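Heads up, the thing below is written out as structure tokens.
Numbering of ligands and ligand atoms starts at 1, following listing order. Keep in mind the model is a prediction, meaning the values are calculated, not measured.
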Amino acid sequence: MPSIHTYDDTQHRAAVIALWRDVFNYPTAHNRPELALARKLAVDDLLFVAVAEGTVVGTTMAGYDGHRGWLYSVAVHPAWQKRGLGAALVRHAEAALTALGCMKINLQITAGNDAVAGFYERLGYAVEPRISMGKVITANVLG
Ligand SMILES: CC(C)(COP(=O)(O)OP(=O)(O)OC[C@H]1O[C@@H](n2cnc3c(N)ncnc32)[C@H](O)[C@@H]1OP(=O)(O)O)[C@@H](O)C(=O)NCCC(=O)NCCS
């Protein structure tokens, strides 16, 4: 089983970028992996990687704002899926948020990826009647 560590920019950067490109391939500029990493590291280090044989095979990012905790970027390399690693990554992020005093964790699932709700339901999450809204701050999305 891969081991889970806090992200280290020197060791993990290239592999995380490659994994996110493979797994998510978001078209939006504000989700560019390089930019997402830079902005996350400027705020906190709630970014975790699963490492197997020296390479990153999974990630999860957590966020905590004093009110809610959030999960982002839960990803497992296809070769490592269905072996419990996704669950271990989510539990690791949950433990970090719990240690910070977080009382509730939220996450979003992109339309079209609805089936992944089953993964989170096994981990105790429930679909809630909410409308998710967002606004991009274009002035902060460089390049
Ligand atoms: C979703 C993802 C992280 C799951 O990782 P994983 O390592 O395969 O998951 P696990 O092996 O830990 O699975 C835990 C449980 O969830 C179930 N599960 C996993 N993927 C599932 C899916 N897509 N739909 C329903 N159930 C799923 C597993 O069968 C397992 O159930 P069990 O405990 O009864 O055996 C992985 O499939 C992935 O990276 N997907 C692409 C990126 C993505 O969609 N991320 C989520 C963004 S919101």
Not counting sequence neighbours, which residues clear ring-ring contact (aromatic ring centres under 6.0 Å, His included) with F119? List them please.
none
From the list L107, V23, V90, side chain to side chain contact (heavy atoms under 4.5 Å, CB included) with V74 holds only for V90
Set of side-chain hydrogen bond (donor to acceptor under 3.5 Å, both in side chains) partners for Y64, sequence neighbours left out:
none
Quick test of your reading: applying ring pair (Phe, Tyr, Trp, His ring centres under 6.0 Å), list the pairs with at least one residue in residues 96-116, sequence neighbours left out, ordered by first then second residue.
none
Which heavy atom of L46 sits nearest a heavy atom of A96, and at what distance?
CD2-CB, 4.1 Å
Sorted by chain and residue number, the residues having a heavy atom closer than 4.0 Å to an atom of ligand 1 are V23, F24, V74, A75, V76, Q81, K82, R83, G84, L85, G86, A87, Q108, N113, A115, V116, G118, F119, Y120, R122
So does S73 get a backbone contact from the side chain of T59, meaning a donor-acceptor N/O pair under 3.5 Å?
yes
